[in-house]
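Okay, structure first, notes after.
Just so you know, these numbers come straight off a predicted model, no measurement behind them.
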Amino acid sequence: MVSSRSVLALALALPALVKATQYGLVKQYAGTNFFDDWDFYGNFDNLTNGDAIFVTASVAASQQLAFVNSAGNAIMKVDNKTNVAFNDKRNTVRISSKDRYAVGSVWVADMLHVPFGCSVWPAFWSQAPGWPTGGEIDTFEGVNNVTNSQISLHTEPGCTVVNAVQTSNIVNSTDCSFQSNDNEGCAVQDPDPTSYGAAFAAAGGGVFVTELAETGVSVWFFSRKNVPSSLQGNASSVDTSSLGKPVANFPSGGCTIDKFFEPQNLIFDITLCGAGNPQTFAQTCSGVCYNDFVIGSPSNYDNAYFEVQSVRVFGTSSKVDIPPGSSGAGHVSAASVLGLAGGAAALLTALAVL
């Protein structure tokens, strides 16, 4: 069998045939080995004040909160079996990739189902170990029963959105600084109602594409029926110029990418309630977030799960894949904890506007 690195080397040996926007496969998370190269957080949610415990790998396996199903897809879910006592938190999952991915990378996540429902706050995102230094890219984020997902960046001061070329016209903020607007970040709503929730599942899921390039950060979402042939199957490369305009675009004109973004750990997580407020919750749900849901019927979380067919990472060279061992890899700094908690209320409010 020819390895992905061999294919990439062959592609790079033929520069006349390779466009500047074409990337070769450097890493794949799929099948029975999906969870091998991820770290489980193993602590209560001290990041966004969620009423959740991000369990260890062993607990996730024993409680069937993270596993590969009979179809070969990775499942990450909230505990929907346990009656949780008052003042306790509900078990859930947060995983971070062991490898980090540098500028010159594209990651493609093919999902069949994303978590949704009252109190549920899921995300597929990335960040550098020393956040806010090194930046954060939120490819997918939803909350409660909103009907659209959100895409955003969070950086140190000085990164703004200028002359974006994108399909979404729902722009919540253009200042990416974690110090602005309570860390709302520069945020864009995906106008496609199949980008989150029950509609996402009913449509057969979809594919999220994130490009971290010197020219900027771009995110595409394709509902299942619209997934390009170039993103189907086991393609050994991806050409982002063939994907059309992204849903969200954060060009380098207002944000020097090499300055604000360092190699990123990929992250899946599902927290509950979090640092939002009763007004945000009430926009799409009724009752009290913790009392009526977290410690309510476990069946509240029957839809609170990711089902992921694969996450495939492509790069301009194999050097964009930074293996574990670098200082701070896979860990969240104290600054990250403070920043995420401080800005979560504004982010949740933005997500619930539609």
Side-chain angles (χ1 to χ4, degrees), residues 27-48 50-84 88-101 107-117 119-127 138-143 196-197 200-201 205-208 264-274 293-294 298-313 324 329-332 340:
K27 183 76 173 182
Q28 176 171 272
Y29 305 90
T32 57
N33 298 321
F34 182 94
F35 292 105
D36 288 357
D37 292 324
W38 301 82
D39 291 320
F40 285 72
Y41 192 67
N43 201 357
F44 68 92
D45 180 5
N46 57 357
L47 306 176
T48 52
D51 293 307
I53 297 173
F54 297 129
V55 298
T56 62
S58 60
V59 172
S62 66
Q63 295 188 1
Q64 288 283 281
L65 301 183
F67 62 96
V68 176
N69 67 13
S70 59
N73 302 325
I75 303 294
M76 291 161 275
K77 60 181 290 189
V78 177
D79 175 7
N80 64 337
K81 298 179 180 178
T82 304
N83 289 304
V84 175
D88 285 347
K89 300 175 185 288
R90 186 170 291 276
N91 285 353
T92 180
V93 173
R94 181 188 193 273
I95 61 173
S96 176
S97 65
K98 294 178 183 293
D99 290 12
R100 292 178 292 142
Y101 300 100
W107 43 94
V108 179
D110 188 327
M111 307 188 204
L112 296 174
H113 191 281
V114 295
F116 66 92
S119 80
V120 179
W121 181 8
F124 172 60
W125 56 294
S126 70
Q127 70 171 18
D138 299 336
T139 296
F140 158 83
E141 190 165 13
V143 66
Y196 179 65
F200 180 93
V207 174
F208 297 90
Q264 304 274 300
N265 293 100
L266 309 184
I267 301 169
F268 284 94
D269 78 85
I270 317 168
T271 194
L272 306 175
C273 296
F293 291 91
V294 177
S299 64
N300 289 330
Y301 299 101
D302 286 353
N303 283 308
Y305 67 93
F306 283 104
E307 182 172 4
V308 181
Q309 293 200 110
S310 65
V311 176
R312 310 180 82 223
V313 184
H331 297 286
V332 179
L340 283 168

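- Within the 4.5 Å cutoff, side-chain heavy atoms of Lys77 are placed close to those of Phe67.
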I'd like to know whether Val313 forms a side chain to side chain contact (heavy atoms under 4.5 Å, CB included) with Leu266, so could you lay out the CA-CA distance, the side-chain angles of the two residues, the decisive distance to 0.1 Å, and finally the verdict. CA-CA 10 Å; Val313 184; Leu266 309 184; 4.0 Å; yes

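- Considering CD1 of Ile270 and CE of Met76, their distance stands at 7.5 Å, rounded to 0.5 Å.
- Contact between Pro115 and Pro122 at its shortest, heavy atoms only, is O-CG, 3.3 Å.
- Residues Val84 and Lys89 fail the side-chain proximity criterion, which asks for heavy atoms closer than 4.5 Å.
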Checking Glu141 against Trp125 for the side chain to side chain contact (heavy atoms under 4.5 Å, CB included) test, could you report, in this order, the C-alpha distance in whole Å, the side-chain angles of both residues, the deciding distance, and whether it holds?
CA-CA 8 Å; Glu141 190 165 13; Trp125 56 294; over 6 Å; no

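- A ring-centre distance under 6.0 Å is not found for Phe208 and Phe124.
- In this structure a side-chain-to-backbone donor-acceptor pair under 3.5 Å is missing from Ser310 to Ala30.
- Rounded to the nearest 0.5 angstrom, Trp107 CH2 and Tyr101 OH are separated by 9.5 Å.
- Counted by atom type alone, Tyr41 and Asn46 present one or more donor-acceptor pairs between their side chains at under 3.5 Å.
- Here CG of Asn80 is found 5.0 Å from CG of Asp302. Values are rounded to the nearest 0.5 Å.
- Remark: the backbone N or O of Val294 is paired with a side-chain donor or acceptor of Arg90 at under 3.5 angstrom.
- In this structure, the side chain of Asn300 engages the main chain of Phe293 through a donor-acceptor pair within 3.5 Å.
- Among all heavy-atom pairs drawn from Val120 and Ala304, the shortest one is CG2-CB, 4.0 Å.
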Audit row: Thr271, Thr92, side chain to side chain contact (heavy atoms under 4.5 Å, CB included) steps and yes/no: CA-CA 7 Å; Thr271 194; Thr92 180; 5.7 Å; no

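- Between Tyr305 and His113, the ring-plane angle classifies as parallel under the 30° and 60° cut-offs.
- Distance alone, capped at 3.5 Å, is enough to place a donor-acceptor pair between the Asn265 side chain and the Ser97 backbone.
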- Message: Would Phe40 and Ile95 count as a side chain to side chain contact (heavy atoms under 4.5 Å, CB included) here? Give the steps.
- Response: CA-CA 5 Å; Phe40 285 72; Ile95 61 173; 3.5 Å; yes

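- The CD1 atom of Ile75 sits 8.0 Å away from atom CG of Leu112, with the distance rounded to the nearest 0.5 Å.
- Contact record, Trp121 with Gly142: CD1-O, 3.2 Å, taken as the closest heavy-atom pair.
- Although no hydrogens or angles enter the test, the distance criterion places no donor-acceptor pair under 3.5 Å between the side chain of Tyr29 and the main chain of Asp36.
- Closest heavy-atom contact between Ala109 and Val311: CB-CG2, 4.2 Å.
- Taking each heavy atom of Phe306 and Ala123 in turn, the nearest pair found is CZ-O, 3.7 Å.
- Checked by atom type and distance alone, the side chain of Gln264 never pairs as donor or acceptor with a backbone atom of Arg100 at under 3.5 Å.
- Residue pairs meeting the side chain to side chain donor-acceptor pair (under 3.5 Å) criterion with at least one partner in residues 62-72, sequence neighbours excluded, are Gln63-Asn91, Asn69-Glu307.
- Closest of all the heavy-atom pairs between Trp38 and Ile267 is CZ3-N, 4.4 Å.
- Side-chain N or O atoms of Asp79 include one that pairs as donor or acceptor with a backbone N or O of Thr82 at under 3.5 Å.
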